[in-house]
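Structure first, then comments.
Each chain gets a letter, A, B and so on, in the order its sequence line appears, and its residues count up from 1. What you are looking at is a predicted structure, and each value in this text was computed from that prediction instead of being measured.
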Number of protein chains: 2
Amino acid sequence: MQVMNAGWTQVEEEVARKAFDIAYKREINALIDSVRSKASCLNEIEDMWHLHDFLSVKRHEVDGRYDYNLPMLVFVFAGLIKDGWITVNELEGLNSDKIAKIMALSYM
Amino acid sequence: MQVMNAGWTQVEEEVARKAFDIAYKREINALIDSVRSKASCLNEIEDMWHLHDFLSVKRHEVDGRYDYNLPMLVFVFAGLIKDGWITVNELEGLNSDKIAKIMALSYM
């Protein structure tokens, strides 16, 4: 018998944790590249405040998104697929019900 | 008879406007250089949030400081001298009372 935690098997949890960490690393690296690029083009004070606004939005998004909480993971993964930070292939190992839910939510 | 505006002669207003604009340009240029430099060293997400915090503080400071309002200018110039954005020589043309007030405030 497999040990389940909030409807996730141990194998599913490992798949989820790995996908979650990959997405986080990708999004953060892309964000760092983007900030470096924007900063290298700074010429006016307005550019600097645009960078500040951009960072405010991204910090809010990242803080809100990367909360590793099993009951909420289908929503998190749907968002990550929608925004291109992971592919459904990287969720291989989750059961088909979860994959179906994630894909359905990702189209919303 | 010289035309006065809130206790400032026309010549004093010209001196003040010039010094104010010079300080603004210096502070903004230094800030842009500083943000570019910080951004070029970004490696971790914490660096990015430190940059965000830094921009939040600087935006608040700049917005608060550069309000061109004659009755408040002695306070503004005192702060600008204290923080090194202008020298007292750049206020030459203001009357000695104003210079004395500005210098006294700049030591507080």
Check: Between A/Ile45 and B/Tyr66, is a side-chain contact (heavy atoms from CB on, under 4.5 Å) present by the stated rule, with each step listed?
Finding: CA-CA 13 Å; A/Ile45 191 169; B/Tyr66 291 97; over 6 Å; no

Kindly work out whether a path of hydrophobic side-chain contacts (I/L/V/M/F/W/Y, heavy atoms less than 4.5 Å apart) joins [X] to [Y].
X       : Y        : answer
A/Leu70 : A/Ile22  : no
A/Ile99 : A/Met72  : yes
B/Leu73 : B/Met108 : yes
B/Ile81 : B/Tyr107 : yes

Margin query: Which atoms of A/Ser37 are under 4.5 Å from chain B, going by heavy atoms: the side chain, the backbone, both sets, or neither?
Written below: neither

Check: Which distance, rounded to the nearest 0.5 Å, do you find between the NZ of A/Lys58 and the CH2 of B/Trp49?
Finding: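 Reported value, rounded in 0.5 Å steps: 9.0 Å.
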
Next item on the list: Starting at NE2 of A/His50, measure out to CG of B/Leu55 and round the result to the nearest 0.5 Å.
Entry: 13.0 Å

Next item on the list: Please determine if A/Arg36 and B/Asp47 form a salt bridge, counting it only when a charged side-chain N lies under 4.0 Å from a carboxylate O.
Entry: no

Checklist line | B/Asn43 versus chain A, the contacting section by heavy-atom distance below 4.5 Å | finding: both

Item checked: Nearest heavy-atom neighbours spanning A/Asp53 and B/Arg59 -> OD1-NH1, 2.8 Å

Notebook entry, point to check: Does B/Val35 reach the side chain of A/Lys38, with side-chain heavy atoms less than 4.5 Å apart?
Noted result: no

